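The structure appears below as structure tokens.
All of these numbers come straight from a predicted model, not from anything done at the bench.
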Amino acid sequence: MASKESHLTATLLTSILGAVLGPLQIGYHTGNVNAPAKIIEEFFNSTWRTRHNQSMTDHSLTLLWSLSVSIKDFGALLGSLGVKYLADSYGRRNSILIANCLSVAAACIMFASKARESFEVLILGRMVFGLFCGLVMSLNPLYIQEVSPTNLRGAFATLNQVSLTSGILMGMVAGLETTLGTKSNWAMMLSLSLIPALTQYLVLPFCPESPRYLLINQGEERKAETALLRLRGHADKVSCELAEIKEEAEHTQTGVTIRDFFQKRSYRQPILIVLLINLGSQLSGFNAIINYSTKMFQAKFDEANYLTLGVGAVNVTFTLVAFFFMEKAGRRKLLLIGFLSIGVCNLLMTIVDSVLHLVPELRNLQVLLVFCVVSAYELGPGPISWFIAAELFDQPGRPIAMAFTSMVNWGGKFVLALLFPPLLKICGAYVYLIFMAVALLAFIFMWLHLPETKGRTFDDIAEEFRGAEGIPLHNSNGFNTFT
């Protein structure tokens, strides 16, 4: 058993910070298309007018803009298919560096779209960036969890989400008309993700590879011990953790194919848990608010862009709250509180939006509810959905589990980004009832089936699933957990 308490070392901190530069780029390109939407739509329209001597219809423009926003998520869905191959073939750290090439290429392509006067080039750039997203949002938690000590694993994995939300806020600021979200500067704004992308190449190559990958996947015990010594700084901690990794290696088979992954009995319950957590987090309304918040506010407020900035600030604040509470409250409590709060907020959003034309003063309450949805999402479902699979699966199944997480996560984002505008037109305020139903379904399932993984080694968690038909739960007052 690894030592329960491990201290932060400079190498560990550098490894984590070097890795989370990837999600910073993803957040930036999530937030920067919101405020300048009208300007980029006009670029689409003027390009079409130049080619065909007529403007696009409003319906066509809405569909093209929805495609531009959602194509990143579709690219991410495709990118997630390469997670297992990269992670197992080149290692966790090297795979992140390989994927980073896609971000550099995408930024250059998007920058060139204005000079080429082609909205197709912009859409292509966002799709290439999406491939990067699908890889990095799986590879990053995999690397971070495998280099982190058990007592800091969840908190460090949450830094992935802290970086993502910080990037979203930076993107929102960069997209304002008072900064770079202008007719002349929007292309340059889209290229600024090159800064963290190139910085990652200056930092991450000097950080150690995952010790678990080196020992369990490669059989390189000496290299694993050297990596652990750099990460932990104390030989006694290294010997304990190395023994724990060896014990895990004895309990795991050498390799798992995709077919094995879905057929293996001990994986069935974790797969269902990961599926429901990720669908619940992506289809409960948060991403619709992030992608379309400015348009939602524009109908009711003159200062819509600055209210959207408020959404970004709340986003970052509550991700930081989750970071500090992850190892205190645990994953289970934060998820349950988050899903229940999102469900209640969506119900209230439906009521408020339905009577807003009768009581215009309620628009301030609507803004508050948007902030509440964002805070509830980032308190638990947002960060935990990305890394929980790395804790529920053993070493051979972990890369496929993270790829599966990425596919479900980005697939949900893609569907929501594509369907939310037409659904809003068809259903009006009642669209939030769909989000409420998804959130409550996820809450009920997590209440019944989700174990607590806080403070437990990977092998200890995997032991609960090995050869089991189901998960033994301890029925007690309050939150259930494993026996």
Quickly, which of Leu135, Leu142, Leu86, Leu204 forms a side-chain contact (heavy atoms from CB on, under 4.5 Å) with Ile96? Name it, please. Leu204
Show, in sequence, the C-alpha distance, side-chain angles and deciding distance for Leu440 and Leu340, and conclude whether the side-chain contact (heavy atoms from CB on, under 4.5 Å) test is met. CA-CA 6 Å; Leu440 293 182; Leu340 183 61; 4.2 Å; yes
For the residue pair Tyr267 and Asp394, confirm or rule out a side-chain donor-acceptor distance under 3.5 Å. yes
Any non-hydrogen side-chain atom of Phe156 less than 4.5 Å from a side-chain atom of Phe387? no
Give a yes or no on whether the backbone of Val69 and the side-chain of Arg126 come within a donor-acceptor separation of less than 3.5 Å. yes
If you round to the nearest 0.5 Å, how far is CZ of Phe435 from CD1 of Ile342? 11.0 Å
Looking at Glu391 and Ile461, what are the two nearest heavy atoms and their distance? O-CG2, 3.2 Å
Note: Leu392 and Pro451 closest approach over all heavy atoms is CD2-CG, 4.2 Å
Which atom pairs, donor and acceptor, lie under 3.5 Å between side-chain atoms of residues 99-108 and protein residues at least two apart or in another chain?
from   : atom 1 : to     : atom 2 : distance (Å)
Asn100 : OD1    : Gln25  : NE2    : 3.4
Asn100 : ND2    : Ala197 : O      : 2.7
Ser103 : OG     : Gln25  : OE1    : 2.3

Indicate yes or no: at least one non-hydrogen side-chain atom of Ile271 is less than 4.5 angstrom from one of Phe261. yes
Plane angle bin for Trp386 and Trp410 - parallel if under 30°, tilted between 30 and 60°, otherwise perpendicular: tilted
Would Asp88 and Lys84 count as a salt bridge (charged side-chain N to carboxylate O under 4.0 Å, His left out) if you check the C-alpha gap in whole Å, the side-chain angles of each, and the deciding distance to 0.1 Å? CA-CA 6 Å; Asp88 284 345; Lys84 173 177 167 52; 2.9 Å; yes
Heavy-atom pair of closest approach, residues Val83 and Pro399: CG1-O, 3.7 Å
Of the non-hydrogen atoms in Asp260 and Val256, which two are nearest, and what is the gap between them? CB-CG1, 3.8 Å
Hey, does the side chain of Thr30 reach the backbone of Ile168 with a donor-acceptor pair shorter than 3.5 angstrom? no
Tightest non-hydrogen contact, residues Pro381 and Leu335, listed as CA-CD2, 3.6 Å
Would you mind reporting whether Leu320 and Val316 have side-chain heavy atoms less than 4.5 Å apart? yes
Could you check Leu192, Leu180, Leu190 and say which one makes a side-chain contact (heavy atoms from CB on, under 4.5 Å) with Asn32? Leu190
In terms of heavy-atom contacts, Ser210 and Arg92 come closest through CB-CG, 4.2 Å
Does Arg212 come within less than 4.0 Å of Glu244, counting only side-chain N to carboxylate O? yes
Is it possible for you to check whether Arg398 lies under 6.0 Å from the centre of the six-membered ring of Tyr213, through NZ or CZ, and within 45° of that ring's axis? no
